[in-house]
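Notes follow the structure.
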Amino acid sequence: MSFIKVDKSLCTGCRICEAACSIAKEKVINRARSRIHIYRSDILELVDRVCIQCSKPVCLSVCPHGAIYKRGNSVRVEKEKCTGCGECLKVCDRLFLSPEGDEVLMCDQCGACVLKCPENALKIV
Amino acid sequence: MSRFHKLLRVNLSTQIYTEEDIPSEYEKIFIGGKGIGTKYLVKELGPHIDPLGPENKFIIATGPLTGTSAPASSRYETITKSPLTGIYLDCNSGGHFAQEIKATGFDLFVIEGVSEKPVIIFINNNKVSFIDATNIWGMYIYDTENYVKKFLKDPAVRVMSIGPAGENLVRFASVSSDYSRQAARGGSGAVLGSKKVKAIAVKGTQDIPIANFYSFLLSVKKAREVIFNNPWVPDQRKYGTPRTITSVNMIGLLPVNNFTEGAVESVASIDEFAVEALNSKRLSCGECPIACARGYNRGKFSIEGPEYETIALLGPNIGVLDLNEIAEFNYYCNQYGLDTMSTGALIGALLASGKINFGELEKKREKIIQLFKQISYREGIGDVLAEGLRFAGKKLDISYLMPEVKGLGIPAYDPRCSDGTALVYMTADRGACHLRSWPLGRELASVWGENDLDKKIDFVRNQQDEKAAEESLIVCQFAYGIGLLNEILPEMVNEATGEDWDLAKMKIAGERIWNLSKLFNIKEGMSRKDDYLPEKFAVEGIKSGPLKGKVISREKQDFMLDKYYELRGWTKKGVPTPETLNRLGIEEEI
């Protein structure tokens, strides 16, 4: 049940992780395809959004297509089954809709962002 | 590639928006950013139009590296005719706005016409909507940004906005994005205000096209190594721009009491360590591994900063040595949307004139804060000050005290300290600007001696060209150094675009851009007479500090201009010769 933890005392909000994620997962540079997002909610407030692999994932329970499943301890999205209906997005803001709206993007802890973070603010825990 | 080859034209008068192709010839000879933006400005603006009228245009430009994963590449340029100086204006700003523009699928936005009512322009990929902003006209910058995010129900939408100063057409009003990042100088904010644009919200979800994807990623990796091997970077990471203040004071070129003295007894209360003590968190622009910005957290008065220029011009230059006070001034300028540099220079001159009784300590602090408000809302004397240094100088009969070139306030390095810096201020395209070339470091390190004036002049000319190219790419000089210093820049551009650049070609493009903005200024009536420092800097020596007594005489200024024009292939009057324009391939622009 590992997940990417953002240490907000170190994060500077550069969003290098977002591009790194889209490169690793989709072989393109497009921050809108990232599974991790950092944004500012106010002048000095950073908000991080990435799946934290809840032990009882609500997204899984609300998915009408059985596209979100557990393998061992890991929560995953099955691309083929996901329609992008967005039910999971109503209960969790750590998942994202693809730009085409046909698929939900969820972090799978590949660690590409961790390697690229210049501040060592990301860890797989 | 890494370019969309497209611009988005938004007409506010008709609320019609159109897509246009950017000709590949423009990309080949002007790079992007500042270059292509300048090309469109020159092409589309007739001479002598009112900068605050419907004919002025507001161009927002990105470069070939913007939006990619190239380090320190999230910067945009705004290009317009300045309401402060009446000439060419470009501003360069960081944050995250630039990446989002690129992700909409456009390299450039051209905002034109005037909206009937206050409006938020929402650019969502290739769709534009015009949202009524009547209810938020008058709102401060941070609140505007939060309002727009909430209204659009998207916390990650990027917002550029103006504050009350821009709305009230203060001629040095800034444009802000990411709360505390400004395209500040020369009155960009007033241009948007005149168009009734309260904010521009941007959302982009397009893939950034990369010509050679994997080789590009390798160049990015190399670029990161280049940056971390730059000996200048570790201190920039640790202290940001405030690290300059100690050395500037020690050497004696700090503006103190309206550029009268060159140093204060101690800067311990406002130096990089003082800033660090108040720093609550390091902050970064998009895709930047340096993160040189500091978060100053004091509840309501929170800012990103203060940066060196603000500390100096709203600090010692107005007789203030209290960092909390400076940060508070910075906060008000942020929220009203005022350029801290122009405002600091203006208040410095006003204090020196004795025209207003500022009082001491707490009373003075309150008076200054009141002045920010008066300027932003054009109340009382604020209405005169809102017109900028040159106009206010004439109106209040204190022109002699106004530190400006072409109407733009002088930055926080006294030009009397360095011949090269004086020439930089004298010849910069938008008026006194410290970002066009940086001979200061070399001069102070005694790389050149007193008799090496020719070398200094040549250095300035070269670096101006290189900087124009750097601001067209667009990358941050704090990461890559000032100008075109490393092959990694053309390498990244080539891998991203599939084009064929090298440093020499980029430099020529920079020279072309520099000449093009010069032509714009000449059409607006600028000539040699406008390329001098204010009289004070030629006749009145610095009053205290290690450089006590130093001036830049009018004779020296003339000598430098003669030589500079000659090196540039300009006439004695500062006009590019037909041969020069021909060599640069812009002869049809005259």
Side-chain angles (χ1 to χ4, degrees), chain A residues 6-50 84 86 89-90 93-94 96-103 105 112-113 115-122, chain B residues 2 67-72 74 95-96 99-100 102-103 125 141-142 145-146 149 154-158 178-180 203-210 213-214 216-217 220-221 224 227-228 237 280-293 295-297 301-304 331 334 496:
Chain A
V6 181
D7 182 342
K8 285 211 280 186
S9 70
L10 296 175
C11 178
T12 64
C14 71
R15 297 162 69 227
I16 287 175
C17 52
E18 295 184 20
C21 179
S22 81
I23 290 168
K25 305 313 293 179
E26 311 270 354
K27 310 284 177 270
V28 292
I29 298 170
N30 184 348
R31 292 164 189 86
R33 297 194 192 281
S34 173
R35 276 83 170 146
I36 179 168
H37 287 274
I38 310 284
Y39 53 81
R40 270 209 233 171
S41 61
D42 208 340
I43 171 85
L44 301 178
E45 289 302 318
L46 289 175
V47 177
D48 62 284
R49 287 285 173 258
V50 58
L89 304 177
K90 290 180 192 161
D93 57 4
R94 293 173 177 272
F96 312 96
L97 197 60
S98 69
E100 292 75 16
D102 58 351
E103 164 191 12
L105 310 174
C113 57
L115 294 175
K116 288 280 190 275
C117 175
E119 309 296 337
N120 298 318
L122 305 179
Chain B
S2 95
T68 71
S69 55
S74 180
H96 299 261
Q99 294 177 335
E100 204 71 23
K102 197 56 168 278
N125 290 302
I141 298 270
Y142 299 175
E145 190 153 339
N146 284 335
K149 286 176 179 174
D154 185 350
V157 74
R158 297 291 157 188
D178 296 288
Y179 299 98
S180 199
K203 182 76 185 173
T205 59
Q206 306 299 309
D207 297 346
I208 308 298
I210 303 289
F213 189 69
Y214 291 100
F216 175 73
L217 295 183
V220 167
K221 203 174 163 197
R224 227 161 121 155
I227 291 169
F228 281 110
R237 258 179 81 80
S280 72
K281 108 177 255 65
R282 290 172 56 236
L283 289 162
S284 174
C285 296
E287 219 62 35
C288 178
I290 299 182
C292 69
Y296 168 84
N297 187 351
F301 296 111
S302 296
I303 55 167
E304 198 176 325
Y331 164 82
N334 280 2

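No experiment lies behind these values; they were computed from the predicted model shown. Chain letters run A, B, ... following the sequence lines, proteins first, then strands; residues in each count from 1.
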- Message: So for A:I38, is it side chain, backbone, both, or neither that comes closer than 4.5 Å to the heavy atoms of chain B?
- Response: backbone
- Quick one: of A:A32, A:C14, A:P99, A:P118, who has the most non-hydrogen atom pairs under 4.5 Å with chain B? A:C14
- Between B:I208 and A:N30, is any pair of side-chain heavy atoms under 4.5 Å apart? no
- Task: Could you tell me the separation between the CG atom of A:L44 and the OG atom of B:S180, rounded to the nearest 0.5 Å?
- Result: 8.0 Å
- Message: So that I can tick it off, tell me whether A:E45 and B:K281 are bridged by a salt bridge, with the cut-off set at under 4.0 angstrom between side-chain N and carboxylate O.
- Response: no
- Which value, rounded to the nearest 0.5 Å, describes the distance between A:I16 atom CD1 and B:S284 atom OG? 6.5 Å
- Between B:E287 and A:K116, does at least one N-O distance fall below 4.0 Å, as a salt bridge requires? no
- Side-chain contact, heavy-atom cut-off 4.5 Å: B:F213 with A:I23? yes
- So which heavy atom on B:G67 is nearest to which on A:I29, and how close? O-CG2, 3.5 Å
- Query: Heavy atoms, side chains only, cut-off 4.5 Å: are B:R282 and A:E119 in contact?
  - Reply: yes
- Part of B:D178 lying under 4.5 Å from any heavy atom of chain A: backbone
- Message: I'd like to know if B:E100 pairs up with A:R31 as an ion pair, taking the criterion as any Lys NZ or Arg NE/NH1/NH2 lying under 4.0 Å from an Asp or Glu carboxylate oxygen.
- Response: no
- Query: Which bit of B:F216 is near chain A, if near means a heavy-atom gap under 4.5 Å: side chain, backbone, both or neither?
  - Reply: side chain
- Would you indicate whether the side-chain heavy atoms of B:D207 and A:E26 approach each other to under 4.5 Å? no
